[in-house]
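To keep things clear, I will list the structure first and then write my remarks on it.
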Amino acid sequence: MVNRQRLSEEFLRQAAIDSPSYHEAEMAEYLKDRFQRLGGSIEFDDAGGKIGSDTNNMIIRLPGEKAGDPLLLSVHMDTVTPAKNVTPVLQAGIITSAGETILGADDKSGIVEIIEAIEVLKERKIPHVPLEVVITICEEQGLLGAKHLDFARLKAKQGVALDTTGMDIVINRAPAANRIKADIFGLEAHAGICPEQGISAIEIAGRAIARMPLGRIDEETTANIGKIEGGLASNIVPRRVSLWGEVRSHNLDKLRLQTELIVKALEEEVDRAKIKLNGEIKNASMALELLEDFPLMQVLDDAPILQLIQAAGESLNRPQQIRAAGGGSDANIYNGQGIAMVILATGMSKVHTIHEQVSVEDMAKVSELLIEIIRRA
Ligand SMILES: [Zn+2]
């Protein structure tokens, strides 16, 4: 059913259009035209202006012959870098870049698989429910496109994102994450002449970090202080230090608790650091920013979307492996908005490197699975 030649040509065309995050406009123009030719009606939201991209999230609607809620298909059009003058090379059925850049199979393999599936549905006149296809911008920049997506435009209650490595893998769970930024302020003083007149922000940070549970907390939870910056010179008691950290968990109570432990360690050590200067008490202080980075993704095993995908996989004799992920993706944002979305593997591998690759055969197989999923929806 799937036309491997058409699919392969489609991928080579898309891969040759550079679309790094924030600069997806040319890709968006191409996709608009491509999906229009497939009978889709195209809308753009206004996310780009808010996040500094030269285009917007794209929403494509395809009418269906079957009644029912639309099925949502989600991919992203941006890529990581280096992505200047990407030259895709097809050799023995495997597509790579020429070696200087990424390939962009993340996530163009997913886009191409959706296009080929729609081509087949049309060609074979296979009846299906209406489809909503969302192609986001700036996914690789902390899910910025999805975070600013105009969800009021979507009717679908469940969907499939095509955006993970491997084959015949379905991700149904991913952690929620909080981000923490703390600026600690002490008091500057000459480190050799009068250190007792200073409060070292670095020392406060050091004490606080030593108290924080970090790394793998349990099978569901991780915590990290990933960046620290501060101080001016070895002979100055440092006035300021900034810390950046995160907590992730598959369990929202644990996420909250772990975040609180980090904040408590910081607050208590900042409180304790005080000196008496000319009869006056001098305190350290802190500016804290807490950000919910992305919400939890948790699609239960008996959710209709998972049962649908498993049934489709079994009918093709390709049982799907259901797995949890450690990172966040656009699917977290959809789930946070009440849309049951799981992630399907697209066949891509070695993503975010110049060795990124995908095979035509694997993309064809994912398209076949997608056709089966859409047909059964
Ligand atoms: Zn991706």
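Counting convention: from 1, in listed order, for ligands and their atoms alike. In what follows, residues are counted from 1 in the order of the sequence shown.
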Atom nearest to the Zn ion (ligand 1) - D163, N, O or S atoms considered: OD1
Under 2.8 Å: N/O/S of E139 next to the Zn ion (ligand 1): no
Residue pair H190 / Q197, side-chain donor-acceptor N/O under 3.5 Å: no
N, O or S from E140 under 2.8 Å to the Zn ion (ligand 1): no
Path from V75 to L73 over hydrophobic side-chain contacts below 4.5 Å: yes
Flag side-chain contact, heavy atom, 4.5 Å: L143 against T136: no
Within residues 168-180 or reaching into it, pairs that qualify as side-chain hydrogen bond (donor to acceptor under 3.5 Å, both in side chains) - sequence neighbours excluded: D168-R318, D168-Q320, N172-D301, N178-T259, R179-D293
Shortest-distance N/O/S atom, D106 versus the Zn ion (ligand 1): OD1
